[in-house]
Amino acid sequence: MTGVRVAVPAKINLSLRVGPLRPDGFHDLATIFQAVSLIDEVTVAHGEPDSGRLVTVRGQRIDGVPLDDRNLAARAAIAVAQLAGLDDPDVRIEIDKSIPVAGGMAGGSADAAATLLACRRLWEVDVDDAVLHRLAAELGSDVPFCLLGGTARGTGRGEHLVPVLDGGQWHWVVAFDEGELSTPEVFAECDRLRAIGAAEPTLGSDDELIAALRSGSPQELAPLLVNDLQPAALALRPSLAATLELGTELGALAGIVSGSGPTCVFLGADRDHAIGLAAELAGTGRVRGVRHAVGPVRGAHLVA
Ligand code: C5P
């Protein structure tokens, strides 16, 4: 399809510290996001007259992706149209997915971020990035970071972002799981585990981690990766413990559940080490799929 095409990366959380449940149903977070080279592509084009919004999705394991206005990309198109004063324009949105669906890597948020950028161009809407960022935050907590990319510290729901100086090129091995996890369910499980004393928020700051990012040393970064949602993800999907163990047995410097899971990510010492680790992990046949990914990479950007 010819139209406006935008590439957008997945995210991982190098640190994800979760505060108490807020009255609005969200949790205050302190997180360090990194954008990694698993890329979705979103193309938007003018639709046939009276065709409405048409969403199509290509990729593996996409059955769970809604094609109607529950799709976050469709909601992003509606938000830009409203901003532009367009009344329900006909638009086609094609999503080429490499980011796992409901995998803890912000796949849906990435597609929404890409659609914001693409529709701004398609309809030549004269608004700056700050306005787009505001729309992004209304759509979902991770959408602003998918626009920004790189490495950044996120607070609030995750939508208040400050870029972090990152001196490294980090090599990750991404292990896809057979299943999916619902983000609200993982946050609720985190609250439940805390209420019964089976989990606690991690204390401390990310200063050391930020220093390790600046140093570019994977050996320094490895012991500092932290995810407060990991106990909840493991409780809901116990097989993830074996995946994490397998990766570290095979020589990963560290392994962690990505965001709310169930995708797991492992840190390699360098490119060759990560590629070797990815091959070995895939060879065990014990995870659904394995990718090598590099971070940080840029946020959503136009490619055509
Ligand atoms: O912002 P987003 O719609 O992606 O969040 C999905 C769900 O994840 C929320 O409805 C909420 O249950 C949970 N969440 C949370 N605290 C955050 C971000 C998300 O509790 N900071």
Side-chain angles (χ1 to χ4, degrees), residues 9-19 27-38 99-100 103-107 109-110 141-142 144-175 183 186 190 201-234 240 243-244 247-248 252-271 273-274 277 291-299:
K11 64 85 188 165
I12 59 178
N13 303 82
L14 308 182
S15 164
L16 177 51
R17 300 178 195 271
V18 178
H27 296 73
D28 270 321
L29 304 181
T31 188
I32 306 289
F33 289 111
Q34 185 171 90
V36 299
S37 61
L38 276 183
I99 308 174
M105 300 191 83
S109 303
S141 310
D142 291 337
F145 178 72
C146 294
L147 280 176
L148 181 68
T151 304
R153 184 175 155 77
T155 52
R157 283 187 289 128
E159 83 280 32
H160 298 305
L161 297 170
V162 179
V164 167
L165 187 64
D166 189 339
Q169 198 192 32
W170 311 95
H171 291 274
W172 302 98
V173 174
V174 181
T183 303
V186 176
C190 176
T202 52
L203 300 170
S205 81
D206 288 322
D207 292 352
E208 260 191 286
L209 189 142
I210 287 170
L213 285 169
R214 198 173 306 148
S215 80
S217 158
Q219 286 75 14
E220 274 188 43
L221 181 65
L224 302 172
L225 302 179
V226 59
N227 181 359
D228 276 0
L229 291 181
Q230 185 162 306
L234 291 178
L240 293 181
T243 304
L244 290 173
T248 31
L253 299 183
I256 196 168
V257 170
S258 174
S260 56
T263 308
C264 291
V265 292
F266 299 98
L267 181 59
D270 55 28
R271 172 179 294 275
H273 179 238
L277 176 63
R291 296 279 184 287
H292 165 234
V294 177
V297 297
R298 61 200 289 214

Checklist outcome for this item: Taken to the nearest 0.5 Å, the spacing of I12 CD1 from T31 OG1 works out to 10.0 Å

Next on the checklist: Test of understanding: with salt bridge (charged side-chain N to carboxylate O under 4.0 Å, His left out), list the residues that count as partners of R291, not counting sequence neighbours.
Outcome noted: none

Checklist entry - Considering residues at least two apart in sequence or located in another chain, which fulfil the salt bridge (charged side-chain N to carboxylate O under 4.0 Å, His left out) criterion with D270? => result none

Checklist entry - Below 4.5 Å, heavy atoms only, C-beta onward: do L209 and L221 meet side chain to side chain? => result yes

Checklist entry - What distance do N13 atom CG and L29 atom CG have between them, rounded to the nearest 0.5 Å? => result 8.5 Å

Checklist entry - Between T243 and A175, what is the shortest heavy-atom contact and its length? => result CG2-CB, 4.3 Å

Checklist entry - Looking only at heavy atoms, what is the nearest atom pair of G156 and H160, with distance? => result CA-CD2, 3.9 Å

Let me have the donor-acceptor pairs involving side chains of residues 252-264, under 3.5 Å, with sequence neighbours excluded, atom names and distances please.
from : atom 1 : to   : atom 2 : distance (Å)
S258 : OG     : G104 : O      : 2.9
S260 : OG     : T183 : OG1    : 3.2
T263 : OG1    : G103 : O      : 2.7

Checklist entry - Are there more than 12 heavy atoms of other residues, nucleotides or ligands under 6.0 Å from atom CD of E208? => result no

Next on the checklist: Please enumerate all residues that pass ring-ring contact (aromatic ring centres under 6.0 Å, His included) together with F266, with sequence neighbours excluded.
Outcome noted: none

Checklist outcome for this item: Output for pair (D142 CG, L147 CG), nearest 0.5 Å, gives 11.5 Å

Next on the checklist: Strictly by side-chain hydrogen bond (donor to acceptor under 3.5 Å, both in side chains), give each pair with a member in residues 224-234 just once, sequence neighbours left out.
Outcome noted: R194-D228, T202-D228

Checklist entry - Of all heavy-atom pairs between E159 and P144, which one has the smallest distance, and what is that distance? => result CB-CG, 3.9 Å

Checklist entry - With side chains defined as the heavy atoms from C-beta onward, is the minimum distance between S205 and I210 less than 4.5 Å? => result no

Checklist entry - Roughly how far, to the nearest 0.5 Å, is SG of C146 from CD1 of I99? => result 7.0 Å

Checklist entry - Going through the checks in order, is the side chain to side chain contact (heavy atoms under 4.5 Å, CB included) test met by L213 and I32? => result CA-CA 10 Å; L213 285 169; I32 306 289; 4.0 Å; yes

Item to check | Non-hydrogen atoms of K11 and A106 that approach each other most closely | outcome: CG-CB, 3.4 Å

Checklist entry - With a 4.5 Å limit on heavy-atom distance, are the side chains of W172 and L267 in contact? => result yes

Checklist entry - Which atom names give the shortest non-hydrogen contact between A293 and V36, and what distance separates them? => result CB-CB, 4.3 Å

Checklist outcome for this item: On a heavy-atom basis, the closest approach of A269 and P218 is O-CG, 3.3 Å

Side-chain donor-acceptor distances from residues 161-171 under 3.5 Å, at least two apart:
from : atom 1 : to   : atom 2 : distance (Å)
D166 : OD1    : G168 : N      : 3.0
D166 : OD1    : W170 : NE1    : 2.7
D166 : OD2    : Q34  : NE2    : 2.9
D166 : OD2    : T151 : OG1    : 2.6
D166 : OD2    : W170 : NE1    : 3.3
H171 : ND1    : H292 : NE2    : 2.9

